[in-house]
Amino acid sequence: MEVLEQGIGKLFTDPDADKAREFFRKKSRRMENKLMTLKDAIAKYVHDGDYLAIGGFGAIRTPIAACHEIVRQRRKKLAFCGHTSTHDFQILAAGKCFDRVDIAYIVGLEARGLSTVARKYMESGEVEVTEWTNYCLSARMKAAAMGVSFVPIRNIMGTDTFKYSGAKKIKCPFTGQYYVLMPALYPDVSVIHVHEADVYGNSRIRGITISDLDLARASKRLIITAERIVSTETFRNEPTYTSIPFYLADAVCEVPFGSYPGNMPYEYFSDEEHFNEWLQTEKDPEAFEQFLEKNIYSCETHFDYIRKNGGIEKMWELRAKELMVDNNAK
Amino acid sequence: MEVLEQGIGKLFTDPDADKAREFFRKKSRRMENKLMTLKDAIAKYVHDGDYLAIGGFGAIRTPIAACHEIVRQRRKKLAFCGHTSTHDFQILAAGKCFDRVDIAYIVGLEARGLSTVARKYMESGEVEVTEWTNYCLSARMKAAAMGVSFVPIRNIMGTDTFKYSGAKKIKCPFTGQYYVLMPALYPDVSVIHVHEADVYGNSRIRGITISDLDLARASKRLIITAERIVSTETFRNEPTYTSIPFYLADAVCEVPFGSYPGNMPYEYFSDEEHFNEWLQTEKDPEAFEQFLEKNIYSCETHFDYIRKNGGIEKMWELRAKELMVDNNAK
Amino acid sequence: MADYNAMEMMICSAARELEDGSTVGVGTGAPCAAAMLAQKTGSSNLTIMFEAGGIAPQLPEMPISVGDSRTTWKAVMASGMCEIMETACRGMLDYTFLGGAQIDMYGNLNSTRIGDDHQKPKVRFPGSGGANDFGSFAWRMMVMTPQDAKRFVERVSYITTPGWLEGGDSRAKSGLPLNAGPYKIITNMAVMDFEPESKRMRIISINHGYSEKDVLDNCGFELLKAPRIIETSPPTDEELRILRDEVDPLKLVIGR
Amino acid sequence: MADYNAMEMMICSAARELEDGSTVGVGTGAPCAAAMLAQKTGSSNLTIMFEAGGIAPQLPEMPISVGDSRTTWKAVMASGMCEIMETACRGMLDYTFLGGAQIDMYGNLNSTRIGDDHQKPKVRFPGSGGANDFGSFAWRMMVMTPQDAKRFVERVSYITTPGWLEGGDSRAKSGLPLNAGPYKIITNMAVMDFEPESKRMRIISINHGYSEKDVLDNCGFELLKAPRIIETSPPTDEELRILRDEVDPLKLVIGR
């Protein structure tokens, strides 16, 4: 297979499908209780040096509680999948948890602006980067989910995004057209936040899935954080709506409001005031250190964080905002 | 891209992604009323010589009414996608509608046995064949759905299935492992039977989807037959559950019991007596001719066919069987 | 010893191979019965998958099709073909059961045709369906089949689904996923596996009521023999009771 | 003539480009406002898609993120990244709006970095996100941006998202989907398209209140000129009313 051109970016994971198979061969398929605290799940399944991917869309259905816990447990030298990442990236950059990033979208929070701290970290030279696009990384997860080492796609050709990527350009043997091959991305560990899960890891997502269906399948280890634990019958009564089957999951953690201050579709809208506080506080290193101490390091659980930022009243306010109804809660 | 080995099977469709793009560029994306009779839909969108694919799993959620209509309108020289095909294949073979077949599974009806007529037709030399597997054809649809000309997979290597396929074997430039490339399959026209659709073509499927999500996206023209037409609000109120968005569909036909005598999950079970009648009658050419005359050619609609085979009482009996409840209907 | 027929014997043998906590991709008929029996006799944590998309159903009765409604009855997920096959390709499918018109000494299967003219075969069979897929991807492929010399042939006339191909390391060299392949062949007369180096089929146990000669006479190629050939354990009363009363009360499979 | 600001002018210009019955992939902010305005002013059958998965929502207000709940409010489907990007790659996405820190004469966009050391850039921007994807796949890519010579540069220092690359047939030769590429560039001063042969940016209309000299002075490269340059039609009262009252009543975008 003649490679016509290739990016100079490094691959931070091995796309070898047979090696992945050997890993998956040993992964448990038992339908057994995987419920544990988030603290235990992060301690057990996220290791220094791992390649980590975070589900959701940066600040939508993103396991923010898990990102805090990773920072709190002071994980270091992770490789990070910077796919649709916004607030998740901002948190992990604040903890300097990673030193390698596959970049599609980083340092920004969309319409909210850019993270000073994340940007500074990415400009420091301390972080090794390889460049992609959101769809490139989705396609890389899809290749892994398919159990192969690459898939062909049609973007990035002719651009610097290709030049700094780890992709390879070839000619399609059926049509003679050019394609770029995306190497499979098998993360060591991922965290995905869902609406409902049972104790075995069967999970349901409502609303957009972004790239999480492929991510769940591509990941060697998978931590599910869920708004609610529900009975297994919930799944067995409507198997059409299962997003993630149990055998993909290694740990299941019940984390209500686990996406706060982000948006959880159908549950609560994002807390824009709090996002603004993050972005503003970041500009003053000392103030930001105190901010992190207050909001992450000194918290035992996600409930602590929520209590410090408006508590249950705030949650119900965000719920009303999400549903676009008047707030009837007291 | 060096091809190490390739199958001798012919490709009955063009995998060229740019040519497909030119077609899709002109395809309407208007949200407009596409409701029409099945007769009109087949007349308008299924032409002699077309490459045809049929959704479902042979006798499960398969648009049987549409297969009858294609036979009734005496379509000829179709190419057919023999992917998970059982009763659909049997019907179209009875009408000798096709003369080229991509084969994964044909002539059989699983545990029910083999179709004499379909088998004889396939042994006649009148039908040109290329060999694949069910997943090969799923992957070919997936490639088309992705808008590319191929995807790599890991089966069929070393077998005669590869030898008689249209696949090509190459080496992965990332890992040095061998892969077979599946050329994209963009059918000219497909028919998919769904539980619910609105007049624009938004559709919902309950239960297994087999390969229909990719098929709907891969197809140049798509006819939806639905058990029920529902309001568009049904979709807008729960956009999570939409299986097929409106802009993929060209025609929408309300065909209650449209999968009969096959199984429609959550609606009605298969009519095993009637399947047995098909299989037995096929053994006597003259009797089978009368059988076709009665059940297909002389029917104006699918309701005519149902009336001749037990009518509404039979439908409610099959419904009770499907739901595994006692039959309370009179 | 309990009275039982050949099909019951095969199903009980097959069920015992299915380790608790594993996954199995099955078709209709005997394989499905074996998986259901395994779930009720020690492997309650066995996950059944069907190629059309059904995952971990609580099968209320024998399905007629691998896609019918029974395959998602109280299932944990109703998915699709790619979900199942790609799960298998990722290495998450432990076992599968396949069949065919012919099987050869390396476990290759023919379910496509008899006759040399591919475009005009003497006898046309259904083709691969999902067999080649499961046979390529599952770690351990098994076959349950009646044994006779017409079916057990030296070389199948057409390889629909890969066994160990030409034996030795030929499968590993082909590009198919490494370390997966045929595991056990279960017939009415015996159980066979594959000699680790040559990958040739060999007898490991013989069913009660049959002799080694029966097995050899009803095979169209030279069968190797394991260092120690034992008698296959016959079905227990408990296995038979569950098979007959709970798994297949209508005798759709065991009545054949 | 009605009173309006530059952002309102750009949004109205952009909205007019969106043909009824077409599809558009948008981000937050001005592009989203333009699509919403188009739907309310003649293109009621315009389908909006968001990269995170939202398809054809009835947007109740401006989204903060291309994935937030508003992007699936009364949508016909809540899908995912691959669904959207592959729909675009298949040729079903007509328009997209993109932006960047820099744009050059061929419509190439930089949203990645300033500075030559890729591993230690002077300024790091977010990167492609879905921009390269939409820009590669959509038939017609548009940009809405304020015009100044620092932004409109001869060659972007890093091509994040492809425009016409090096002009001429270089994009067609690159392997990107054929016949897709930059279409209109809409600024506070003018509207530009691309000369069909050279694919160089050229002025086609100038906004009221600006001269050709303003446009040329605020561009870091030599702009071509269309055979006939007209004045961009200013926003109508009706457009402004709808934009202000219905599309962006909180002035999140037009208040800037």
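A, B, ... follow the sequence lines: proteins, then strands. Residue 1 opens every chain. All values reported here derive from a predicted model rather than from experimental measurement.
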**Study point:** D/Arg70 to A/Glu322 - nearest heavy-atom pair and separation
**Key:** NH1-O, 3.1 Å
**Study point:** A/Tyr135 and D/Glu51: CA distance, side-chain angles, deciding distance, side chain to side chain donor-acceptor pair (under 3.5 Å) verdict
**Key:** CA-CA 9 Å; A/Tyr135 179 54; D/Glu51 66 175 84; over 6 Å; no
Point to revise | chain D contact via A/Lys120 - side chain, backbone, both or neither, heavy atoms under 4.5 Å | key: neither
**Study point:** Contact origin within A/Leu114 toward chain D - heavy atom pairs under 4.5 Å
**Key:** side chain
Check your understanding: Quick one: OG1 on A/Thr84 to CE on D/Met81, what's the gap to the nearest 0.5 Å?
Key -> 5.5 Å
Check your understanding: Is chain D contacted by the side chain of A/Tyr179, its backbone, both, or neither, given a heavy-atom distance below 4.5 Å?
Key -> neither
Check your understanding: Most heavy-atom pairs under 4.5 angstrom with chain A, which of D/Gly127, D/Gly175, D/Pro126, D/Gly80?
Key -> D/Pro126
Review point. Considering only heavy atoms, which portion of A/Ile103 lies under 4.5 Å from any heavy atom of chain D: side chain, backbone, both, or neither?
Key: side chain
Check your understanding: Taking the side chain from A/Thr161 and the backbone from D/Thr160, do they hold a donor-acceptor pair closer than 3.5 Å?
Key -> yes
Check your understanding: Given side chains that start at C-beta, do those of A/Asn263 and D/Ser65 come closer than 4.5 Å, heavy atoms only?
Key -> no
Check your understanding: Checking heavy atoms, do the side chain of D/Phe125, its backbone, both or neither come under 4.5 Å from chain A?
Key -> both
Practice item. Indicate yes or no: does A/Glu131 engage D/Arg113 in a salt bridge with an N to O separation below 4.0 Å. Key: no
**Study point:** Euclidean distance, A/Ile156 CD1 relative to D/Thr161 OG1, rounded to 0.5 Å
**Key:** 11.0 Å
Exercise for review: Answer with side chain, backbone, both or neither: which region of D/Ser174 has an atom nearer than 4.5 Å to a non-hydrogen atom of chain A?
Suggested key: both
Check your understanding: Donor-acceptor pair, A/Arg154 side chain versus D/Phe137 backbone, under 3.5 Å?
Key -> no
**Study point:** Proximity breakdown for A/Asp214 and chain D, heavy-atom pairs closer than 4.5 Å
**Key:** side chain
Point to revise | A/Val180, part contacting chain D, at a heavy-atom distance under 4.5 Å | key: neither
Check your understanding: Which answer fits D/Leu176, side chain, backbone, both or neither, if we ask what part of it has an atom under 4.5 Å from a heavy atom of chain A?
Key -> both
Point to revise | Contact class of A/Ile208 relative to chain D, heavy atoms under 4.5 angstrom | key: both
Point to revise | Contact summary for A/Ser270 and D/Ile64, nearest pair of heavy atoms | key: OG-CD1, 4.3 Å
Review point. A/Cys136, A/Ser211, A/Ser124: which one forms the most heavy-atom pairs within less than 4.5 Å of chain D?
Key: A/Ser124
Exercise for review: Against chain D, label A/Glu272 side chain, backbone, both or neither, depending on which of its atoms sit under 4.5 Å from a heavy atom there.
Suggested key: side chain
Point to revise | Nearest heavy atoms of A/Glu110 and D/Val66, plus distance in Å | key: OE1-N, 2.8 Å
Review point. Sub-3.5 Å donor-acceptor pair from the side chain of A/Glu128 to the main-chain atoms of D/Gln119, do we have one?
Key: no
Review point. Quick one: what part of A/Lys169 sits under 4.5 Å from any heavy atom of chain D, side chain, backbone, both or neither?
Key: side chain
Check your understanding: Side chain, backbone, both or neither: which part of D/Val123 has a non-hydrogen atom closer than 4.5 Å to chain A?
Key -> both
Revision key, fill the gap. Between D/Ala78 and A/Gly207 the two heavy atoms that sit nearest each other are CB-C, 3.5 Å
Review point. Chain D heavy atoms under 4.5 Å from A/Ile205: which part of the residue, side chain, backbone, both or neither?
Key: neither
Check your understanding: Closest approach of D/Cys82 and A/Lys142, non-hydrogen atoms and distance?
Key -> SG-CE, 3.8 Å
**Study point:** Value rounded to 0.5 Å, distance of OG in D/Ser128 from CH2 in A/Trp132
**Key:** 12.5 Å
**Study point:** Shortest non-hydrogen separation from A/Tyr266 to D/Ser69 and the atoms involved
**Key:** N-OG, 4.4 Å
Review point. Do any N or O atoms from the side chain of D/Asn132 and from the backbone of A/Thr133 form a donor-acceptor pair under 3.5 angstrom?
Key: no
Check your understanding: Quick one: of D/Thr71, D/Thr72, D/Leu165, who has the most non-hydrogen atom pairs under 4.5 Å with chain A?
Key -> D/Leu165
